[in-house]
Number of protein chains: 2
Amino acid sequence: MANHAGVGIGTVSRAINGSAGISAKTKRKIFESIEQLGYSPNQIARSMRSNKYKSIGFFVDISNVAFALIAKGIQSELDNSSYTLSLCDIGTSDVAGKITSFLESRKFDGIILSTPTENDDDLQKLFSKLNVPIVTLDRDVPGLVAGVVTDYFSSVKKATEYLLTLGHRGIALVGGTGKIRPTKVSIEAYKEAFREQGLAFDEGLILEGQFTNESGKMLMLNLLPKIKSGKVSAILSLNNQMFHGILESIRENQLEYPRDISIITVEDNELTKLLSPAITVIRRPLVTIGQSISRILIKYMEEPELYGKMPSAVVPTEFIVRDSCSLCK
Amino acid sequence: MANHAGVGIGTVSRAINGSAGISAKTKRKIFESIEQLGYSPNQIARSMRSNKYKSIGFFVDISNVAFALIAKGIQSELDNSSYTLSLCDIGTSDVAGKITSFLESRKFDGIILSTPTENDDDLQKLFSKLNVPIVTLDRDVPGLVAGVVTDYFSSVKKATEYLLTLGHRGIALVGGTGKIRPTKVSIEAYKEAFREQGLAFDEGLILEGQFTNESGKMLMLNLLPKIKSGKVSAILSLNNQMFHGILESIRENQLEYPRDISIITVEDNELTKLLSPAITVIRRPLVTIGQSISRILIKYMEEPELYGKMPSAVVPTEFIVRDSCSLCK
DNA sequence: GTGAAAGCGCTAACAT
DNA sequence: ATGTTAGCGCTTTCAC
């Protein structure tokens, strides 16, 4: 390559990298040669030398289908950059272990993280050693920088108020572990809605499970008697997978919504739209979320001294009323 | 590292790589040092030297949610190997361009490919240069090796027969482009089912669109008059995203299934299970598919001389009857 | 402004 | 069986 253009190898490097100290003329000459030879630089060698990898990692549990649209959003921002996105599935268990094995074989210039739990010591230890910008997606992980924070508060509050207005008082709030930001915030919103109306909420109706279909079903098992006795007349679900279990349980127990139980869930999709009656939901703009966090991470990668100094992007949610809730009898 | 263990750098390499020509004793000594120092080899440098990347790429349109479970399957096989999986979203357009840009910045030891089209010249050109095992997922791409092939034939035939048995004759077969294997095979099965019963099928009812919700809706627009006139009484959908559009259209036009139209689709999920009435479906075992293709690719990576010499894994499908079809009136 | 040379951390070939 | 050395393809420093 270098001798085809009749220049030194260092000069080629300068041309490719747009470094200073090269005349426009030789630069042109070099790019011609590049064209002719179909040369493309070896990214591995570049990385080895420069410690830049042109690569960002998105660590997430891909079982949650929402991540696909988020990834699309991330990707769309990255298209104008020279970075490549790697999706890495961390599942729900041994997250730190999986991330470790990813990081052993790959290097990233930046990382986007959405873990199933916020208080994972192994995780913190792992990342504290890593000298790379890491932004979290809706997680308050101590020591890490929050990139995007979804404003569940206002929508959950609206949803709760909506149910209260319909006359419901026994409103079950069903989430995965209460140890991640969205759940915590949602619980706060729920409580505040009750308080502002001068109503008492029942702590016992704030339920925690896992982010799975099965867990949703399990929780319903406990809820059923209360539903039948009228103690619980509405469910506000904070997770889509659990929501599936709740729906199955409703079906299996010959209940009907909104007649026997009013339901609201988080995350809008084909299912919530196509079910009949359609489900009242809290929607977050998935693509936008991906774009926002991508932009923030790029900023941090380009200007490391800013790291952690920028505010998180706060993404609004929408409360969409459909037909899954009725007046409390 | 090397001098901590009191050995030469080459010896360390031999230990790490399990190469021959090293005594068990020094090996042990070296691993002790590795432990103590928390040393981990620089994968970039190794790759540069060895042209092995310990990395496989899965190129797919992540809008199709099915891929998530397939990826889980792939991953589960990879967990016992030293390979790392990168999911790369190729969307539906400019697939060759996207793949090219991925390949410029990353190297893979093997590639799993599921493209939205089979006859992409750019794609073939691209991969013909690439000296790496590539296996396709349900695609017959000329020049590439098929890794896994899903047996849609038997299920689509069963589904068609099922509809015929219910008295349906006007059965619309709705797919994305007929240019990918699953669609082609399904069309064959559909025709064969008709023929075996001595019945004539209407070529005009074999419809092609895009793999999108909107396209499903569009096709329904054409179908509606025929449904109302009774010319079409059943729909067999070959794509889940199109199916969503079909369902929406049914809803918007105040039709009811199975009363006004019988429907069957491919791909089982929460939606098909939870809709009421539940949808009769053709299911493919997604995790198994991922595992199979992963195993085959690993084989090819380890024994390149086998490449293309092994048969594709044929994965069976299941035809699951639920409540979305009724007797033809 | 440009070429030559050092060296990133490894593996493989060559010594011993 | 093990130490030493060349060199993978770049970027960067140092001469000029």
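Quick caveat, the model's predicted, so the values are computed rather than measured. Chain naming here is simple, since letters A, B, ... match the order of the sequence lines and numbering starts at 1 in each.
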Whole Å only: how far is the [atom1] atom of [X] from the [atom2] atom of [N]?
X	N	atom1	atom2	value
B/H4	D/dG3	NE2	C1'	19 Å
A/N3	C/dA4	CG	P	11 Å
A/N51	C/dC10	CG	C1'	14 Å
A/K52	D/dT11	NZ	P	12 Å
A/Y53	D/dT11	OH	C1'	13 Å

Respond yes when some side-chain nitrogen or oxygen of [X] is under 4.0 Å from OP1 or OP2 of [N], and no when none is.
X	N	value
A/N17	D/dT11	yes
A/S13	D/dT11	yes
A/S50	D/dT12	no
A/S23	C/dG1	no
A/Y39	D/dC10	yes
A/S47	D/dC10	no

Out of [options], which has the shortest distance to the side chain of [X]?
X	options	value
B/N42	C/dT2, D/dC10, C/dG9	C/dG9
A/T11	D/dG9, C/dG3, C/dC10	C/dG3
B/I9	C/dT2, D/dT4, D/dT11	D/dT4
A/R14	C/dG3, D/dT2, C/dC10	C/dG3

B/D61 and B/S63: side-chain donor and acceptor closer than 3.5 Å? yes
Under 3.5 Å, is there a donor-acceptor pair linking the side chains of A/K179 and A/T117? no
Quick check for you: to the nearest 0.5 Å, what is the distance between A/I99 atom CD1 and A/I90 atom CD1? 4.5 Å
Base, sugar-phosphate or nothing for A/V12? Non-hydrogen atoms, less than 4.0 Å. nothing
Base, sugar-phosphate alone, or nothing: which one does B/S19 contact when heavy atoms must sit under 4.0 Å apart? nothing
With side chain to side chain donor-acceptor pair (under 3.5 Å) as the criterion, how do B/R14 and B/T26 come out once you've worked through the C-alpha distance, each side chain's angles and the decisive distance to 0.1 Å? CA-CA 10 Å; B/R14 276 182 281 257; B/T26 44; over 6 Å; no
Reading DNA chain D from 5' onward, which residue's closest nucleotide shows up sooner: B/G6 or A/R46? B/G6
Assign each of B/M48 and B/A24 to its nearest nucleotide of DNA chain D by heavy atoms, then name whichever residue's nucleotide is nearer the 5' end. B/A24
Any donor-acceptor pair, under 3.5 Å, between the side chain of B/R49 and the base of D/dG9, if you only look at N and O atoms? no
Just checking A/F108 against A/F59, ring centres under 6.0 Å apart? yes
